[in-house]
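Shown next, in structure tokens, is the structure this report addresses.
All residue numbers refer to positions in the sequence shown, counting from 1.
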Amino acid sequence: MSESTWQLLVTVFDTVSAQLISDRLNGEGVPTQVLSESAIFGAARSCQVLVPTQLLGRARKVLSSEQLSDSELSYLATGKLGTDRTG
């Protein structure tokens with residue numbers, strides 16, 4: 001596919017979240033491209049997840065069927081629970 005046939009689906013602010021979204025979509029048969037401002041895995045930088053234009057609707061449906069909360073995405077990105085009050 002040429003570059004012009006890809007459409008922005010979502011922008012996230014870490015590579016881990018972008019990769020999780022990409023993996024989820026790939027598992028549902030939607031190819032992805034992840035464009036990142038950072039070459040370091042897990043770094044807090046803007047990442048864009050692109051999908052083929054003709055599959056944009058399907059990609060949105062896949063993501064909306066299992067929407068992650070901000071705290072879930074934060075946990076997946078950092079491995080830390082935001083509500084941990086044990087110590």
Checking the side chain of [X] only, and the main-chain atoms of [Y] only, is there a donor and an acceptor separated by less than 3.5 Å?
X   : Y   : answer
S64 : R60 : yes
R58 : E28 : yes
D23 : G27 : no
S17 : D14 : no
T53 : T5  : yes

Interatomic spacing from [atom1] in [X] to [atom2] in [Y] - rounded to 0.5 Å:
X   : Y   : atom1 : atom2 : answer
L35 : W6  : CG    : CH2   : 10.0 Å
L50 : T11 : CG    : OG1   : 8.5 Å
T32 : Q19 : OG1   : CD    : 7.0 Å
L55 : L9  : CG    : CG    : 11.0 Å

Considering all heavy atoms of both residues, which atom of [X] and which atom of [Y] are nearest to each other, and what is their separation?
X   : Y   : value
P31 : P52 : O-CD, 3.2 Å
L8  : L56 : O-CD1, 4.1 Å
T15 : S36 : CG2-OG, 3.6 Å

Working note: Q48 + V34, criterion side chain to side chain contact (heavy atoms under 4.5 Å, CB included); need CA distance, chi angles, decisive distance, verdict. CA-CA 6 Å; Q48 297 178 325; V34 176; over 6 Å; no
